[in-house]
**Student:** 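Let me begin by handing over the structure; questions about it come next.
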Amino acid sequence: MNESMNMVLAHEQFVQALNPEAPLSKEEKTRLLEQADQLPFHWIRTAYQNAKKHSMRLAVQLAQQGTQLLLEQLHNRLSKTNSPFYEHLQERLTRFINYLRKNCEAYFDTRSPMPDHMWLTIRTQVDERLNPSDDSVLADTDLELAGLLRNQYQQTTQPATPSYHIAGYWQQLTVALAAKLPAGDPTLHTIYTLVACNFNCTVFIKYLLHRFANALPAEGDANNEWAEHLHHINRIIEVPGMCFDTRLQPCKELLFADISNEMRLNSFSRHAAVAFGAPVSFKTSLSGSQLALLYRLLFDCGIIQVESKQQLMEQLAQVYQTPSGAISARHLKDKFYMIEPSAIEVMKNHAVEMINLLRKYSNA
């Protein structure tokens, strides 16, 4: 083995231990386990010596890669045969790779796949917390949000073993979700936890914006509601170091940008409505049937000319509020063609009143 392979820790004795054609003696197994116990010490000494020629990052990542290769082979061997020696060796190599991960965090490659046996332990915990049962951390959470979370979990952990980063993220997130308050809205708790844990997933951002938009009041300034959401988001304390997708901006930054954009669009719409004379709401004493008849008269008399009656009905539905409230374009269109006798009688009375007013104006 060359010097680089020594740094990788793929030492001949470890490789030989996994060779079924050359079984080790009891004494050799004992000596090998003792050497495995001393891996952190030996690695530090070798790493600092070789870092002068290469770099500390290379020393850490070579050690990580070599240990992971050994762990993969150990996992395969243990899946075929139950060997206390293999279990002890796996335990020691696992401790070493966790040592690298904890003490050499700046150089450890968290994007590389986690060894199978390490992920299996975490997956069991996360599966139990996310399962759709009554004791799940997502119990009573909005079904769309719960489904979104479970779907993202499956996409990022199947079929291949996830990276150290993703595996650790799901483990931390489900622990945070399990820490529910004694009382309160489970969906809001889940949302706040996801924002705090920097779940900067695109589908979650879209879900949250859609949820906020659906709750906007029919009347009033929508920007006040958006500003209130910004206020609550700003008060959420982020968990240090947590991030779902390191390639994207943090969750709070994405939400701030999207909500700010909604507020700018809303302000532009209001200003455009004033500048360009966009329709505003009018209250009328006429019913929907009577209003449809009025515009039928205006149309048949040639007072108004439109290319699309459907478009006219849609605009009228946006502009007018009848005594019974809002009216649909479909209802106006139906009554435009199927005139009600009662509506004719009402409009006759209005017509007589208007004629009398015209006479009064002419005599003024």
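Treat the numbers as computed from the prediction; the structure is a model and nothing was measured.
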**Student:** Linking I/L/V/M/F/W/Y whenever any side-chain heavy atoms sit under 4.5 Å apart, do Val239 and Leu149 land together?
**Tutor:** yes
**Student:** Is it the case that Gln64 and Gln68 place a side-chain donor and acceptor less than 3.5 Å from each other?
**Tutor:** yes
**Student:** Under the side-chain hydrogen bond (donor to acceptor under 3.5 Å, both in side chains) test against Trp170, which residue among Asp127, Thr156, Thr157 passes?
**Tutor:** Thr156
**Student:** For Phe85 and Leu32, what are the C-alpha separation, side-chain angles and deciding distance, and is it a side-chain contact (heavy atoms from CB on, under 4.5 Å)?
**Tutor:** CA-CA 10 Å; Phe85 168 68; Leu32 192 62; 3.7 Å; yes
**Student:** Could you measure the distance from the CD atom of Glu238 to the NZ atom of Lys252? Nearest 0.5 Å is fine.
**Tutor:** 4.5 Å
**Student:** Under 4.5 Å between side-chain heavy atoms, hopping through other hydrophobics if needed: is there a path connecting Leu297 to Tyr295?
**Tutor:** yes
**Student:** Are there over 12 heavy-atom neighbours, none belonging to Asp300, within less than 6.0 Å of that residue's CG?
**Tutor:** yes
**Student:** Tell me, do Ile344 and Glu340 make a side-chain contact under 4.5 Å, heavy atoms counted?
**Tutor:** no
**Student:** In sequence, state the C-alpha distance, the side-chain angles, and the governing distance for Ser287 and Thr322, and then conclude on side-chain contact (heavy atoms from CB on, under 4.5 Å).
**Tutor:** CA-CA 6 Å; Ser287 67; Thr322 67; 5.8 Å; no
**Student:** Looking only at heavy atoms, which two atoms of Ala329 and Ala317 are closest? And how far apart?
**Tutor:** N-CB, 3.7 Å
**Student:** Which heavy atom of Leu230 sits nearest a heavy atom of Ser260, and at what distance?
**Tutor:** CD1-OG, 4.5 Å
**Student:** Salt-bridge test for Arg95 and Asp37: reply yes if a basic N is under 4.0 Å from a carboxylate O, no otherwise.
**Tutor:** yes
**Student:** Are Ile303 and Leu291 connected in a single hydrophobic cluster, I mean Ile/Leu/Val/Met/Phe/Trp/Tyr linked by side-chain heavy atoms less than 4.5 Å apart?
**Tutor:** yes
**Student:** Would Val306 and Tyr337 show up in the same hydrophobic cluster when neighbours are defined by side-chain heavy atoms closer than 4.5 Å?
**Tutor:** yes
**Student:** Looking only at side-chain N and O atoms, does Glu314 offer a donor or acceptor that is under 3.5 Å from a partner on Gln310?
**Tutor:** yes
**Student:** Between Arg77 and Tyr86, is NZ or CZ placed under 6.0 angstrom from the six-membered ring centre and within 45° of the ring axis?
**Tutor:** no
**Student:** Does a side chain donor of either Thr190 or Thr141 reach within less than 3.5 Å of an acceptor in the other side chain?
**Tutor:** yes
**Student:** Does some side-chain heavy atom of Lys335 sit less than 4.5 Å from a side-chain heavy atom of Ile339?
**Tutor:** no
**Student:** Just wondering, more than 12 heavy atoms not from Glu105 lying within 6.0 Å of its CD?
**Tutor:** no
**Student:** Does a side-chain heavy-atom distance below 4.5 Å link Pro250 with Asn198?
**Tutor:** yes
**Student:** Could you tell me whether the side chain of His165 and the main chain of Cys243 form a donor-acceptor pair under 3.5 Å?
**Tutor:** yes
**Student:** Where do Asn200 and Leu248 come nearest, in terms of heavy atoms and distance?
**Tutor:** O-CD1, 3.3 Å
**Student:** Going by atom types only, do Asp185 and His189 share a side-chain donor-acceptor pair under 3.5 Å?
**Tutor:** no
**Student:** Does OH in Tyr107 sit with more than 12 non-hydrogen atoms of other residues, nucleotides or ligands closer than 6.0 Å?
**Tutor:** no
**Student:** Compare every heavy atom of Ala139 with every heavy atom of Pro186, then report the nearest pair and how far apart it is.
**Tutor:** CB-O, 4.0 Å
**Student:** Does atom CG (Leu358) have a neighbourhood of more than 12 heavy atoms from anything else shown, all under 6.0 Å?
**Tutor:** yes
**Student:** In terms of heavy-atom contacts, does CD of Glu87 have more than 12 from other residues, nucleotides or ligands at under 6.0 Å?
**Tutor:** yes
**Student:** Do the side chain of Asn103 and the main chain of Tyr99 share a donor and acceptor less than 3.5 angstrom apart?
**Tutor:** yes
**Student:** Are Gln321 and Ile327 side-chain neighbours, meaning at least one heavy-atom pair lies under 4.5 Å?
**Tutor:** no
**Student:** Are Cys197 and Tyr192 packed together at the side-chain level, in the sense that at least one heavy-atom pair is separated by less than 4.5 angstrom?
**Tutor:** no
**Student:** Using every non-hydrogen atom in the two residues, find where Met263 and Trp226 come nearest and quote the distance to one decimal.
**Tutor:** CG-CB, 3.5 Å
**Student:** Rounded to the nearest 0.5 Å, what's the gap from CG on Asp109 to OG on Ser163? Could you check?
**Tutor:** 9.0 Å
**Student:** Roughly how far, to the nearest 0.5 Å, is the CD atom of Gln125 from the CG atom of Leu120?
**Tutor:** 11.5 Å
**Student:** Going by heavy atoms in the side chains, are Leu71 and His117 under 4.5 Å from each other?
**Tutor:** yes
**Student:** Quick one: does any side-chain atom of Thr81 pair with a main-chain N or O of Ser83 as donor and acceptor, under 3.5 Å?
**Tutor:** no
**Student:** So do the side chains of Ile97 and Met118 get within less than 4.5 Å of each other, counting heavy atoms only?
**Tutor:** yes
**Student:** How many angstroms lie between atom NE2 of His229 and atom CZ of Phe212, to the nearest 0.5 angstrom?
**Tutor:** 5.0 Å
**Student:** Taking it one step at a time, do His331 and Ser289 satisfy side-chain contact (heavy atoms from CB on, under 4.5 Å)?
**Tutor:** CA-CA 8 Å; His331 178 73; Ser289 301; 4.0 Å; yes
**Student:** Linking I/L/V/M/F/W/Y whenever any side-chain heavy atoms sit under 4.5 Å apart, do Leu298 and Met347 land together?
**Tutor:** yes
**Student:** Atom NE2 of residue position His350 - does it have more than 12 heavy atoms of other residues, nucleotides or ligands inside 6.0 Å?
**Tutor:** yes
**Student:** Any sub-3.5 Å donor-acceptor pair from Arg235's side-chain atoms to His231's backbone N or O?
**Tutor:** no
**Student:** With sequence neighbours left out, what residues match Asp116 under side-chain contact (heavy atoms from CB on, under 4.5 Å)?
**Tutor:** His75, Thr161
**Student:** Glu27: what forms a side-chain contact (heavy atoms from CB on, under 4.5 Å) with it, not counting sequence neighbours?
**Tutor:** Ser25
**Student:** So which atom in Leu332 and which in Leu316 form the shortest heavy-atom distance, rounded to 0.1 Å?
**Tutor:** CD1-CB, 3.8 Å
**Student:** Please work out which of the three classes, parallel, tilted or perpendicular, describes the rings of Tyr169 and Phe199, given edges at 30° and 60°.
**Tutor:** parallel
**Student:** Look at atom NZ of Lys333 and say whether more than 12 heavy atoms of other residues, nucleotides or ligands are closer to it than 6.0 Å.
**Tutor:** no
**Student:** With no hydrogens and no angle check, is any side-chain donor or acceptor of Asn261 less than 3.5 Å from a backbone partner on Ala257?
**Tutor:** no
**Student:** Does Gln305 CD have over 12 foreign heavy atoms under 6.0 Å away?
**Tutor:** no
**Student:** Quick one, Leu194 and Leu208 - any side-chain contact, counting heavy atoms below 4.5 Å?
**Tutor:** no
**Student:** Atom CD in Gln152, atom CD1 in Ile166: separation rounded to 0.5 Å?
**Tutor:** 9.5 Å
**Student:** Quick check, are the ring centers of Phe244 and Phe204 under 6.0 angstrom apart?
**Tutor:** no
**Student:** Quick one: does Asn363's side chain have a donor or acceptor within less than 3.5 Å of a partner on Arg359's backbone?
**Tutor:** yes
**Student:** Just by distance, do the side chain of Arg92 and the backbone of Ala36 share a donor-acceptor pair under 3.5 Å?
**Tutor:** no
**Student:** To the closest 0.5 Å, what do you measure between CG (Asp334) and OG (Ser328)?
**Tutor:** 7.5 Å
**Student:** Could you go step by step and tell me if Thr94 and Gln90 meet the side-chain contact (heavy atoms from CB on, under 4.5 Å) rule?
**Tutor:** CA-CA 6 Å; Thr94 302; Gln90 184 185 68; 4.1 Å; yes
